[in-house]
Amino acid sequence: MTLTIATWNINSVRSRIKLVEQFESDRAPDILCLQETKCMNDQFPSAALKKLGYEHLAINGQKSYHGVATLSRVPFTDVEIREFCNKGDARHIAVTVDTDKGPIKIHNFYVPAGGDVPDPEVNDKFRHKLDFLNEMTEWLQGEETNCNAILVGDLNIAPHENDVWSHKQLLKVVSHTPIEVEQLAKVQNAGNWVDSVRNHIPTSERVYSWWSYRSPNWAKSDKGRRLDHIWATPHIADQVSAIEVYKTARAWEKPSDHAPIIAKLDVEWRNL
DNA sequence: ATGACTGTCGTAGACAGA
């Protein structure tokens, strides 16, 4: 038995509940981490998701914006929510599940997008993004270093040259600027995280998880970015046997602008 | 041509996404 974990920026869970159902039917991940749910907890379509087999729901929503949720067939032994930058934003939730390799903590993050201008002096949203990453770094290098963990989500940064359609043209575009890439590396180092997607797909190959709505020929022009990530602590990273970017979902009717990413782990969770 | 868009709230158009 394996454990499959998916991350997907759904861009409104209420508008795209049918797409979540389609994804469950196609790939049936055991744990599905959603970002940009865009609704308060009492508006969350819990009943429809429980029908899909996701009996265990960890939800951190807010009105209109942001919001994360972790849906699971596996029971949680713990749920934790952390607020960043004292803004009251719903951008993180962590669950813990029991496996034959011991407990695994699964962080689900939605990092701020950062607005248009990549200068913290003139753009408060960019400053917020950098502050958020700093807080992540400080927290992760604290008490979070010694347990088995996975960190997924829309981190809104494409770190490598082949994580964007044009490294040169995006160097000054928020999501691929050197300062962001550097800050993301600090977060990664702080938790000793392995980039599981790049561990399975070499950096010489292009990988994207997001394509703008503004391009009607998004598939043909393929001007994407890898904004969504699956990281794991070293021992768990060794158990990741497959990675898939489910690009099919980006071509569905009324899609999210992000595609799901799936990791398959050789980890036992049933009948422990 | 990095835009030719999209969701929420609320009922027009601002705001956010990235």
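The basis for the numbers below is simple: all heavy atoms, side chains too, and nothing from hydrogens, waters or symmetry mates. In what follows, every chain begins at residue 1, and chains take the letters A, B, ... in the order their sequences are listed.
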- prompt: Are the side chain of A:Asn123 and the backbone N or O of A:Gly114 linked by a donor-acceptor pair below 3.5 Å?
  reply: yes
- prompt: Backbone N or O of A:Asn11 within a donor-acceptor pair of the A:Glu36 side chain at under 3.5 Å?
  reply: no
Quickly work out the [X] [atom1] to [N] [atom2] distance and round it to whole Å.
X: A:Met40; N: B:dT8; atom1: CE; atom2: P; result: 13 Å
X: A:Lys223; N: B:dC5; atom1: NZ; atom2: P; result: 15 Å
X: A:Arg250; N: B:dC5; atom1: CZ; atom2: P; result: 13 Å
X: A:Leu19; N: B:dT6; atom1: CG; atom2: P; result: 14 Å
X: A:Lys220; N: B:dA1; atom1: NZ; atom2: C1'; result: 15 Å
X: A:Leu170; N: B:dG3; atom1: CG; atom2: C1'; result: 13 Å

- prompt: A:Leu34 and A:Phe109: same hydrophobic cluster, using ILVMFWY side-chain contacts below 4.5 Å?
  reply: no
- prompt: So which nucleotide from B:dG7, B:dT8, B:dA4 ends up closest to the side chain of A:Ser64?
  reply: B:dT8
message: Counting only heavy atoms from other residues, nucleotides and ligands, does the tally under 6.0 Å from NZ of A:Lys186 exceed 12?
response: no
task: Report, as a single string ordered 5' to 3', how protein heavy atoms within less than 4.0 Å touch nucleotides 10-18 of chain B: B base, S sugar-phosphate only, - not at all.
output: -----BSBB
If you measure from the [atom1] atom in [N] to the same atom in [M], how many Å do you get, rounded?
N: B:dA14; M: B:dG10; atom1: C1'; value: 12 Å
N: B:dA12; M: B:dT8; atom1: C1'; value: 13 Å
N: B:dA18; M: B:dG3; atom1: C1'; value: 12 Å
N: B:dG7; M: B:dT2; atom1: P; value: 23 Å
N: B:dC15; M: B:dT11; atom1: C1'; value: 16 Å

message: My understanding is that only residues two or more places apart in sequence, or in another chain, count here; which of them pass ring pair (Phe, Tyr, Trp, His ring centres under 6.0 Å) with A:His167?
response: A:His176
- line: A:Phe23 meets the ring pair (Phe, Tyr, Trp, His ring centres under 6.0 Å) criterion, sequence neighbours left out, with A:Trp8, A:Tyr246
query: Charged N to carboxylate O under 4.0 angstrom, A:Lys105 versus A:Asp78?
result: no
query: Reckon A:Arg16 has a side-chain N or O less than 4.0 Å from the OP1 or OP2 of B:dT8?
result: no
query: Between A:Ser15 and B:dG7, is there a side-chain N or O to OP1/OP2 distance below 4.0 Å?
result: no
message: Please determine whether any donor N or O and acceptor N or O are separated by less than 3.5 Å between the side chain of A:Trp211 and the base of B:dT2.
response: no
